[in-house]
Protein chains: 2
Amino acid sequence: MTRPGPHLALLLLGSYRKLVDAAVRELADRGHDDVRPSLHYAMSAIDLGAESASELGRALSVSKQAAAKTIAVLVQRGWVAVEDDTADRRRRRLRVTDLGHRVMREGEAIFDDLRKAWAERIGDDELARLEELLTAFVGADTIRLESPGWIAAEQSSIAE
Amino acid sequence: MTRPGPHLALLLLGSYRKLVDAAVRELADRGHDDVRPSLHYAMSAIDLGAESASELGRALSVSKQAAAKTIAVLVQRGWVAVEDDTADRRRRRLRVTDLGHRVMREGEAIFDDLRKAWAERIGDDELARLEELLTAFVGADTIRLESPGWIAAEQSSIAE
DNA sequence: CTTTACTCGACAACAAGGTTGTCCAATCCG
DNA sequence: CGGATTGGACAACCTTGTTGTCGAGTAAAG
C-alpha cells in the first residue's frame, strides 16, 4: 500500500484502461479492428445531433480541426458518411452509416457484458453503489455522456 | 441515462481526470508548472529502484526510448540527476534530486487532500469501499503502483 | 584472448490525437 | 449593402508513445 491519494488516481485509471482494453480486444476478435473509444464517442455524438465538424468539436470539447481528423478516420472506415448540405453550402453533413451503427451496437454490447461480469464478481448492488459514488464525484448535473473530454472543459470547482 | 456499460467507463475516466486535473492545477498554483502524472510516476519508479533508462522503461512498461524522453524532461527540470556509472560505462545512473523529492511530496500531499475532500463528501467508509472494489477489479496481486501503464502490458505476454 | 551474443543508450522516423494559426467561401445581421 | 461571424480546409507543431538502427560496453563461451 502506498500513499492513498496517488493510489486512488491509479486505481481509477487502471480500471478504465482494463475495461477499455478488454473491449477493444474483444471488438478486434469480432472483426472490428482498432475501434478506439474516441471513435465510438464521436459516432455517438453525431447520432445525438452533432451534424457538422464544428458541432462535433463542440460536443466533444475539442477543436473543430481535431473533430475533422476524427471524422476523416470514420469516413475512411465507412462508419460515417458526409453529404453536402443544400441549405448551407459551407457545411458537410454527417451521418452514421448502418455499418457504423453495427460497430456501435457491438461495442455497447461488449461494455455491457464486461459490466455484467464485474457485477457478478462484486455484486450488483455494490457496482451500482460504485457508479453512484463516481457520478457524485464527477458531477451528475454537468455530465455529458457523449464526450470523454468533458471533464477538463467543465468549470473546475473541485472541493478544496 | 444511456447504456450502463459505456457509461461506467466514462465515469472511471472522468473521475481520474477530474482528480488529476485538480492536482496539476493546484501544483501549478504552488509554483510547480506542468507536473504531469507520468513525471511523478517516473520519479517514483526511480526512487523504487529503477536506476537506468532501460530499467525505468521496464518498470513503467514503456519502451526504453520513451523512458529516455521522460528522463530528459526530468533532468532538464532539475528533478532527476544522471551520473556516469563507473562499473558499467554504458549506463547512466539516475537519482531523484532534492528538488524532485520536494515536487513529489507536494504532489502526494495534494492528492491526499483531494482524496480527503472526496471522503468528506461521500463518507470515509464509502470511499474505502470504492477503493476496495476498484482494487478487486484491477487485480490486487498484479498491481504495480509505480506505473500508470501496467494494465495494457499485464496480460499480453512480454514486450521488447 | 577472441569471437559471439547481448545490453545500454542515442538518434531518427513515425503514429495518434490533440493544439494554434491562416485562409477563403458562405451565411448572418445591423 | 457590407462587415462580422461561421464552417471547413490546410499547415505546422506538441506530447507521448512506438519501431528500427546503430555503436559502444559487457558477458560468456570457446
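Treat the numbers as computed from the prediction; the structure is a model and nothing was measured.
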Would you say a side-chain N or O of B:Ser63 is under 4.0 Å from OP1 or OP2 of D:dT18? yes
Taking only residues two or more places apart in sequence or in another chain, which ones pass side-chain contact (heavy atoms from CB on, under 4.5 Å) with B:Asp85? B:Ala87, B:Asp88, B:Arg91, B:Arg93
Taking only N and O in the side chain of A:Ser54, is any of them less than 4.0 Å away from OP1 or OP2 of D:dG8? yes
Quick one: side chain to side chain donor-acceptor pair (under 3.5 Å) partners of B:Asp98, sequence neighbours excluded? none
Using heavy-atom distances to pick each residue's nearest nucleotide on DNA chain C, tell me which of B:Ser52 and A:Ala66 is more 5'. B:Ser52
Is there any protein nitrogen or oxygen under 3.5 Å from a nitrogen or oxygen in nucleotides 9-15 of chain D, and what are the pairs?
none

Sequence neighbours left out, what passes side-chain contact (heavy atoms from CB on, under 4.5 Å) with B:Arg77? Give chain and number order. B:Asp34, B:Leu39, B:Val73, B:Trp79
Please list, chain by chain and in numerical order, all residues satisfying side-chain contact (heavy atoms from CB on, under 4.5 Å) with A:Arg89, sequence neighbours excluded. none
Test of understanding: with salt bridge (Lys or Arg N to Asp or Glu O under 4.0 Å), list the residues that count as partners of A:Glu132, not counting sequence neighbours. A:Arg129
Please list, in numerical order, the residues of residues 70-91 of chain B that have a heavy atom closer than 4.0 Å to any atom of DNA chain C. B:Arg90, B:Arg91
Suppose we screen for salt bridge (Lys or Arg N to Asp or Glu O under 4.0 Å). Which residues come up paired with A:Arg105, at least two apart in sequence or across chains? none
Rounded to whole angstrom units, what separation is found between the CZ atom of B:Arg93 and the P atom of C:dC8? 14 Å
Report the residues that fulfil side-chain contact (heavy atoms from CB on, under 4.5 Å) with B:Arg30, sequence neighbours left out, ordered by chain and then residue number. B:Glu26, B:Glu106, B:Ile110, B:Asp113
Quick check against the 3.5 Å criterion: does B:Ser15 have a side-chain atom that pairs as donor or acceptor with the backbone of B:Leu11? yes
Whole angstroms only, please: what is the CG-P distance between A:Leu60 and C:dG18? 8 Å
Length of the line joining B:Glu51:CD and C:dT7:C1', which is rounded to integer Å: 16 Å
